[in-house]
Amino acid sequence: MRAALWFMALFGIAVAVALFAGNNQAVVTVFWPPHRVDISFNLMVLLLAGLFLLLYLASRALTAVFSLPVEARRWRAQQKERAMYGALMDALAHLMAGRYIRSTKSAQNALAQEKSLGVTTDTSGHPTGHSDSLASQLRSLSHLLVAESAQALQNRALRDQHLQLALQNSAARHAQEVREGVLFRAARWALEDHDSSATLDWLGQLPQGAARRTLALRMKLRAARYGRQTLPALETVRLLAKHRAFSPAAAQSIVRGLALELLNEAHDPVQLQQAWARLDDSERAMPELAIHAASRLMSLHGDAALARSWLVPVWERMLEPRPELGDNLRIKLITVLEAGMDTLDAEWLARIEAAHVSHPRDPKLQYLAGMACLSRQLWGKARQLLSQAAPALQDKLLHRNAWRALAVLAEQREDEAAAIEAYKRAAQL
């Protein structure tokens with residue numbers, strides 16, 4: 001449509017010129033004493049148009065001639081810039097290929113080219129080389145490549161020198177992304193040197209948004225593990241789990257392991273209670289952690305009632321119609337409760353009795369109820385329950401303890417034959 005309109009306009013102009021010039025009898029007289037020149041108006045218009053075109057072409061030619069030095073400088077700057085970027089790509093290619101000395105030389109060549117290039121402008125103020133923002137980013141990347149090669153060659157002096165130069169050149173606002181990359185590389189190098197404090201220092205210089213990225217959290221986790229900082233490692237794993245950096249099963253396993261280490265680091269009941277308070281609700285609901293924490297508290301001679309209060313959710317889960325606890329956890333739970341049997345209160349006795357009544361064929365609950373009766377000096381009932389539980393117990397420790405308890409009961413009845421038989425059963429395991 002636009003082309004059709006242009007053709008119509010051109011035809012209109014041609015018709016107008018033909019009508020105007022075809023019957024135009026006007027004459028232009030030029031007086032130049034003592035001469036007089038008569039020229040038709042049409043010819044005068046053509047002469048003026050030709051003169052204008054001639055002057056325009058002459059001005060363009062003069063502009064092109066005077067701009068030759070600027071164009072030459074721009075061409076030379078372009079060649080240097082191409083050589084600079086070529087050297088930078090060569091440095092990166094050599095680094096990826098493991099040619100660290102060649103990578104260092106290529107990166108230093110790129111720095112030399114950039115230094116000779118600089119930031120120049122023409123007469124109109126337009127830059128003929130690269131801008132200052134690109135220059136700072138390129139210098140930072142070149143220094144970073146040199147430092148990376150030096151790290152691979154274990155030349156820490158050269159690495160630290162170019163690392164500081166990379167940080168200096170990336171200090172401007174427009175080079176923040178490059179600066180974050182430099183800080184990440186510095187943290188990784190410190191991590192490779194197993195320097196956890198330096199790693200955390202480098203990560204601490206990152207902006208708040210960059211510090212919460214998955215890469216930063218993974219390095220923080222490794223640094224905390226190297227430095228045996230269990231609580232920071234646990235907090236980092238929680239953030240990584242929220243970012244879905246691990247699968248749910250892997251995250252739960254790592255959290256469980258770190259929480260167990262945190263509980264094991266406690267050396268008195270107060271420290272253990274503080275460590276337990278630092279765990280999340282979901283972590284305190286893990287049966288492994290609750291049982292371990294209660295066992296640890298009792299071994300440190302802490303409050304047995306408090307330890308048993310931590311076990312209430314685990315006990316309720318064990319008595320569910322479809323219990324999720326395995327045999328190992330059930331045995332550990334019974335062992336922990338047995339360890340504090342002397343201080344067992346009426347509420348827990350009622351729980352144990354109700355569990356035995358609701359699960360009369362469970363040998364582990366029979367064993368626990370029998371030991372509870374034994375601690376309360378209910379000899380007859382204890383003997384009955386332990387006699388039923390002992391042959392069916394699969395765990396060696398519970399089996400041995402059950403026969404030893406039966407031997408003690410036989411000694412109280414002065415039944416030496418039964419006591420000897422029970423001790424034999426216990427010794428065979």
Side-chain angles (χ1 to χ4, degrees), residues 83-117 133-229 232-233 236-237 239-240 243 245:
M84 175 186 63
Y85 285 114
L88 184 64
M89 288 188 291
D90 289 341
L92 182 59
H94 290 316
L95 178 65
M96 295 175 63
R99 299 171 178 172
Y100 302 115
I101 297 178
R102 293 186 181 183
S103 177
T104 301
K105 292 181 179 179
S106 298
Q108 291 175 345
N109 185 20
L111 289 171
Q113 294 286 347
E114 194 280 330
K115 186 177 181 180
S116 65
L117 179 63
S133 61
L134 292 177
S136 60
Q137 292 180 10
L138 186 137
R139 288 193 298 268
S140 298
L141 292 176
S142 299
H143 287 301
L144 184 61
L145 289 176
V146 176
E148 185 72 37
S149 300
Q151 169 67 16
L153 296 173
Q154 296 298 311
N155 189 348
R156 290 184 174 82
L158 183 63
R159 180 199 68 185
D160 295 338
Q161 175 187 356
H162 284 273
L163 175 61
Q164 294 300 323
L165 292 173
L167 289 174
Q168 292 175 8
N169 286 280
S170 61
R173 181 178 299 179
H174 52 71
Q176 286 301 313
E177 293 183 356
V178 179
R179 183 175 182 84
E180 292 174 5
V182 174
L183 292 174
F184 274 124
R185 297 309 300 173
R188 184 176 293 278
W189 296 335
L191 198 60
E192 292 175 358
D193 296 338
H194 299 281
D195 190 348
S196 59
S197 59
T199 303
L200 295 175
D201 290 340
W202 288 117
L203 294 176
Q205 298 181 32
L206 289 169
Q208 185 176 3
R212 297 180 66 86
R213 294 174 188 166
T214 303
L215 175 61
L217 292 176
R218 286 182 180 273
M219 287 194 289
K220 186 177 180 181
L221 174 60
R222 291 182 60 187
R225 298 293 290 156
Y226 283 144
R228 298 185 180 277
Q229 301 177 12
T236 306
V237 170
L239 290 175
L240 284 170
H243 291 181

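Worth saying up front: this structure is predicted, and the values here are computed from it rather than measured. Residue indices begin at 1 and follow the sequence shown. Just so it is clear, the values below take in all heavy atoms, side chains as well, and ignore hydrogens, waters and symmetry mates.
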(request) Starting at CZ of Arg188, measure out to CZ of Arg222 and round the result to the nearest 0.5 Å. (result) 7.0 Å
(message) Are the side chains of Thr236 and Gln229 in contact, using a 4.5 Å heavy-atom criterion?
(response) no
(request) Would you mind reporting whether Leu145 and Leu88 have side-chain heavy atoms less than 4.5 Å apart? (result) yes
(message) Please report the interatomic distance OH(Tyr85) to CD(Gln113), rounded to the nearest 0.5 Å.
(response) 12.5 Å
(message) Donor-acceptor pair, distance only, cut-off 3.5 Å: does the side chain of Asn109 make one with the backbone of Lys105?
(response) no
(request) Start with the C-alpha distance between Trp189 and Arg156, add both sets of side-chain angles, then the distance that settles side-chain contact (heavy atoms from CB on, under 4.5 Å), and finish with yes or no. (result) CA-CA 10 Å; Trp189 296 335; Arg156 290 184 174 82; over 6 Å; no
(request) Verify the neighbour count for atom CD of Glu177: are there more than 12 heavy atoms of other residues, nucleotides or ligands below 6.0 Å? (result) no
(request) Locate the shortest heavy-atom distance separating Pro207 from Glu180; write the atom from each residue and the value. (result) CG-OE2, 3.7 Å
(request) Please confirm whether the backbone N or O of Ser170 pairs with a side-chain atom of Ser140, one donor and one acceptor, at under 3.5 Å? (result) yes
(message) Would you say that more than 12 heavy atoms from the other residues, nucleotides or ligands in this model lie under 6.0 Å from the CZ of Arg212, or not?
(response) no
(message) How close do Arg179 and Ala171 get, counting heavy atoms only, and between which atoms?
(response) NH1-CA, 4.0 Å
(request) Provide the closest heavy-atom pair for Ala135 versus Glu114 in the form atom of the first, atom of the second, distance. (result) CB-OE2, 3.3 Å
(message) How close do Ala91 and Ala107 get, counting heavy atoms only, and between which atoms?
(response) CB-N, 3.6 Å
(request) Of all the heavy-atom pairs spanning Ala216 and Ala210, show the shortest one and how long it is. (result) CB-O, 3.6 Å
(request) Could you grab the distance from atom CG of Leu183 to atom CG of Leu167, nearest 0.5 Å is fine? (result) 5.5 Å
(request) State, to 0.1 Å, how close Ala245 and Arg218 come at their nearest heavy-atom pair, and which atoms those are. (result) O-NH2, 2.9 Å
(request) Please report the C-alpha distance between Thr199 and Asp193 in whole Å, then the side-chain angles of each, then the deciding distance to 0.1 Å, and finally whether the side-chain contact (heavy atoms from CB on, under 4.5 Å) criterion is met. (result) CA-CA 9 Å; Thr199 303; Asp193 296 338; over 6 Å; no
(request) Mind running side-chain contact (heavy atoms from CB on, under 4.5 Å) on Asp160 and Gln164 for me, showing each step along the way? (result) CA-CA 6 Å; Asp160 295 338; Gln164 294 300 323; 5.6 Å; no
(message) To the nearest 0.5 Å, what is the distance between OG1 on Thr214 and CG on Leu221?
(response) 12.0 Å
(request) Kindly indicate, with the supporting measurements, whether the criterion side chain to side chain donor-acceptor pair (under 3.5 Å) is fulfilled by Gln137 and Arg139. (result) CA-CA 5 Å; Gln137 292 180 10; Arg139 288 193 298 268; over 6 Å; no
(message) Restricting to side chain to side chain donor-acceptor pair (under 3.5 Å), what partner residues turn up for Gln208, sequence neighbours left out?
(response) none
(message) Could you check whether any side-chain N or O of Ser196 sits under 3.5 Å from a backbone N or O of Tyr226, counting only pairs where one atom can act as donor and the other as acceptor?
(response) no
(message) Whether the side chain of Arg185 engages the backbone of Ala147 through a donor-acceptor N/O pair (distance < 3.5 Å, no angle test) should be reported.
(response) no
(message) With a 4.5 Å cut-off on side-chain heavy atoms, are Leu153 and Ile101 touching?
(response) yes
(request) Answer yes if the side chains of Arg159 and Gln161 hold a donor-acceptor pair under 3.5 Å, and no otherwise. (result) no
(message) Just verifying a value: how many Å separate Leu92 CG and Ser103 OG, rounded to the nearest 0.5 Å?
(response) 7.5 Å
(request) Mind checking the CZ-CG spacing from Arg99 to Asp90? Nearest 0.5 Å is all I need. (result) 11.0 Å
(request) Keeping the roles fixed (side chain from Ser106, backbone from Arg102), state whether a donor-acceptor pair exists under 3.5 Å. (result) yes
(request) Check whether any side-chain heavy atom of Leu163 sits under 4.5 Å from a side-chain heavy atom of Trp202, and report yes or no. (result) yes
